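Owing to the predicted nature of the structure, the values given are computational and were not obtained by experimental measurement.
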Amino acid sequence: AVEMSACGVLPLLPDALPYRDFLQKTGLQPFRNFHDLKERLGQYVMRPERIREEAERCYNYVKNFRLGEHNRARLQLYSQYISGKSDTFEWPVGAGYHELTGTAQDKTAVQEALAVADSFMKLRQPGDALRTLERLIDSNPDIPELILARLKILKNTADVALMAQLERAEAAFPADLRFTLLHAQWARNEQELRDTWKRVVETLRSNPLIYQNFFRPQTLKLFQAFAQASPQLFIEIGEALLGIFSDAAEIRFFLAHQYERRGEYRLAAGHFRWLRDTRKLCIPNTATLQSIDGGYLEAWCEALEARVKGS
């Protein structure tokens with residue numbers, strides 16, 4: 001964080017012990033989980049002036065309190081390893097100016113390529129769209145957004161190599177659930193559909209909560225679409241997903257009706273009771289619950305659990 005600030009770059013820091021003194025001295029707000037970090041990035045995108053303001057505050061803190069001259073013992077230690085040859089730049093402005101000012105480009109090369117490819121697809125020119133993406137993929141093979149876009153174009157053109165390319169992408173990006181969900185969407189038969197959804201469940205189950213929450217909206221949206229088309233097949237998958245997303249009302253609503261149709265009234269009643277009781281709890285408290293930040297509650301729960309263990 002100190003080195004980034006010295007370069008005029010704004011550090012985004014978790015609420016972790018090594019950073020707490022830095023956070024306190026600079027007045028930066030830490031992020032407490034992945035959702036919190038995502039929201040913070042969105043706020044910076046909407047208000048870029050905050051980036052400059054907070055980066056300058058960190059830069060000034062480091063400049064005024066964290067240089068070697070502020071700690072003679074550390075300065076002496078570092079000085080032993082400094083080369084006699086100077087590597088400084090003769091810039092007409094102070095260090096950090098370029099990082100604070102930023103770039104004049106509105107889009108990255110990847111964003112630009114995706115936008116151009118999308119324009120070609122709207123003009124019904126998939127060949128040009130593919131060539132646009134493949135030029136960038138050749139030099140950037142590890143960017144999943146480019147691979148996903150290419151796969152969707154190949155699907156649009158009914159390319160015979162589509163599934164083989166999708167399987168290679170799944171192998172190349174095993175932690176990116178978007179490829180497995182795409183495979184589930186394009187499965188060629190019931191067995192392949194069943195096997196792919198099992199992989200979705202296993203991947204979610206083997207990853208931490210932050211990963212599960214990130215892919216939850218895409219997973220549940222696709223589940224709902226398939227469950228309505230093949231209800232019998234998706235009862236087992238729904239139960240497996242419910243083991244991960246126990247508060248997913250859409251899954252419980254689907255299962256409640258399926259069990260009722262099959263005459264499994266005890267199971268159906270359990271899901272309907274959960275929906276009834278949760279609705280009774282949520283509706284009167286919606287405004288209050290929505291006004292409380294999730295990160296705030298998580299922080300208090302973790303802090304108090306730690307106190308309980310230590311007492």
Side-chain angles (χ1 to χ4, degrees), residues 1-62 64-66 99-100 175-178 201 203-221 241-252 274-275 277-311:
V2 171
E3 291 173 351
M4 291 175 69
S5 297
C7 293
V9 178
L10 174 62
L12 298 181
L13 305 172
D15 185 15
L17 185 60
Y19 304 114
R20 283 176 184 159
D21 181 66
F22 185 93
L23 290 164
Q24 182 182 5
K25 296 292 174 53
T26 58
L28 287 184
Q29 292 298 312
F31 64 86
R32 303 184 187 282
N33 50 47
F34 186 83
H35 177 72
D36 191 17
L37 173 60
K38 186 178 178 182
E39 284 194 348
R40 188 75 50 80
L41 290 170
Q43 291 169 7
Y44 284 131
V45 169
M46 297 300 294
R47 293 183 54 198
E49 69 275 7
R50 281 188 58 190
I51 303 174
R52 182 185 182 91
E53 177 190 330
E54 295 182 11
E56 285 183 323
R57 193 161 71 232
C58 294
Y59 175 78
N60 288 329
Y61 164 68
V62 172
N64 294 322
F65 299 102
R66 297 300 296 271
E99 290 83 356
L100 286 171
D176 194 329
L177 194 63
R178 290 177 296 177
V201 171
T203 304
L204 287 167
R205 190 180 287 144
S206 61
N207 277 284
L209 180 62
I210 192 169
Y211 180 97
Q212 296 170 0
N213 287 339
F214 182 81
F215 285 109
R216 172 175 174 150
Q218 298 173 60
T219 303
L220 295 187
K221 182 179 179 180
L241 286 174
L242 202 59
I244 300 167
F245 306 119
S246 59
D247 60 341
E250 53 266 69
I251 297 179
R252 288 187 181 271
W274 185 94
L275 289 164
D277 296 343
T278 302
R279 189 177 187 281
K280 284 182 179 179
L281 174 66
C282 289
I283 295 300
N285 295 293
T286 298
T288 302
L289 291 171
Q290 288 180 341
S291 69
I292 303 174
D293 180 69
Y296 174 85
L297 296 176
E298 290 287 349
W300 270 113
C301 289
E302 291 179 14
L304 292 170
E305 286 168 8
R307 291 181 193 177
V308 169
K309 290 179 182 177
S311 62

S.K.: How long is the straight-line distance from CG of L177 back to OG1 of T219, given to the nearest 0.5 Å?
M.R.: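 It comes to 5.0 Å.
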S.K.: With a 3.5 Å distance limit and no angle check, can you tell me whether R50 reaches the backbone of V45 through a side-chain donor-acceptor pair?
M.R.: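 It does not hold such a pair.
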S.K.: List the atom of F22, the atom of V62, and the distance in Å for their closest heavy-atom pair.
M.R.: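 Closest approach of F22 to V62: CE1-CG2, 4.3 Å.
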S.K.: Under the salt bridge (charged side-chain N to carboxylate O under 4.0 Å, His left out) criterion, do E305 and K309 qualify, and how do the steps go?
M.R.: CA-CA 6 Å; E305 286 168 8; K309 290 179 182 177; 5.9 Å; no
S.K.: Rounded to the nearest 0.5 Å, what separates atom CZ in R252 from atom OG in S246?
M.R.: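 These two atoms lie 6.5 Å from each other.
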S.K.: Drop me the distance from L241's CG to R205's CZ, to the nearest 0.5 angstrom.
M.R.: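 Answer rounded to 0.5 Å: 8.5 Å.
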S.K.: Mark yes when over 12 heavy atoms from residues, nucleotides or ligands other than E3 sit less than 6.0 Å from its CD; otherwise mark no.
M.R.: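 Incorrect, the count does not exceed 12.
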S.K.: Quick test of your reading: applying side chain to side chain donor-acceptor pair (under 3.5 Å), list the pairs with at least one residue in residues 280-290, sequence neighbours left out, ordered by first then second residue.
M.R.: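 For residues 280-290: none.
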S.K.: Between S206 (side chain only) and T203 (backbone N and O only), is there a donor and an acceptor less than 3.5 Å apart?
M.R.: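 Yes, because the side chain of S206 sits within donor-acceptor range (under 3.5 Å) of the backbone of T203.
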S.K.: Can you check whether P30's main-chain N or O pairs, donor with acceptor, with R40's side chain at less than 3.5 Å?
M.R.: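 Confirmed, R40 side chain pairs with P30 backbone.
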S.K.: Can you check whether H35 reaches F214 side chain to side chain, under 4.5 Å on heavy atoms?
M.R.: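 Answer no - side chains too far apart.
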S.K.: When you compare the side chain of L220 with that of F245, does any pair of heavy atoms fall below 4.5 Å?
M.R.: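 In contact.
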S.K.: Looking at every non-hydrogen atom in both residues, tell me the closest pair between Y59 and S5 and how far apart they are.
M.R.: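 Answer, listing the atom of Y59 first, then S5: CD1-O, 3.4 Å.
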S.K.: Are Y19 and L28 close enough that some pair of their side-chain heavy atoms sits under 4.5 Å apart?
M.R.: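 Result no, sub-4.5 Å side-chain heavy-atom pair not found.
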S.K.: Are V2 and F65 side-chain neighbours, meaning at least one heavy-atom pair lies under 4.5 Å?
M.R.: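 No, their side chains stay 4.5 Å or more apart.
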S.K.: Minimum heavy-atom separation for C58 to L10, with atom names?
M.R.: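 The pair with the smallest heavy-atom distance is SG-CD1, 4.3 Å.
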S.K.: To the nearest 0.5 Å, what is the distance between CG on N213 and CD1 on I210?
M.R.: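 One finds 8.0 Å between CG of N213 and CD1 of I210.
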S.K.: Going by heavy atoms in the side chains, are D293 and D36 under 4.5 Å from each other?
M.R.: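 Heavy-atom side-chain distance check fails, nothing below 4.5 Å.
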S.K.: If I take atom CG from residue L242 and atom CD from residue E250, how far apart are they, to the nearest 0.5 angstrom?
M.R.: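 Those atoms lie 10.0 Å apart.
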S.K.: Can you find a pair of side-chain heavy atoms, one from F215 and one from N207, that are under 4.5 Å apart?
M.R.: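 Contact flag for F215/N207 side chains = no.
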S.K.: Verify, without hydrogens or angle tests, whether Y211 (side chain) and A175 (backbone) share a donor-acceptor contact under 3.5 angstrom.
M.R.: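 Checked: pair present.
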S.K.: Excluding sequence neighbours, so at least two apart, what forms salt bridge (Lys or Arg N to Asp or Glu O under 4.0 Å) with R216?
M.R.: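 Only D247 meet the salt bridge (Lys or Arg N to Asp or Glu O under 4.0 Å) criterion with R216.
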S.K.: Would you call E298 and R32 a side-chain contact if the rule is heavy atoms closer than 4.5 Å?
M.R.: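 Result no, sub-4.5 Å side-chain heavy-atom pair not found.
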S.K.: If you round to the nearest 0.5 Å, how far is CG of D15 from CG of N33?
M.R.: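 Interatomic distance, N33 CG to D15 CG, rounded to 0.5 Å: 11.0 Å.
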S.K.: Where is the tightest heavy-atom contact between L12 and F31, given as atom of each residue plus distance?
M.R.: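 Heavy atoms only, the tightest pair is O-CE2, 3.5 Å.
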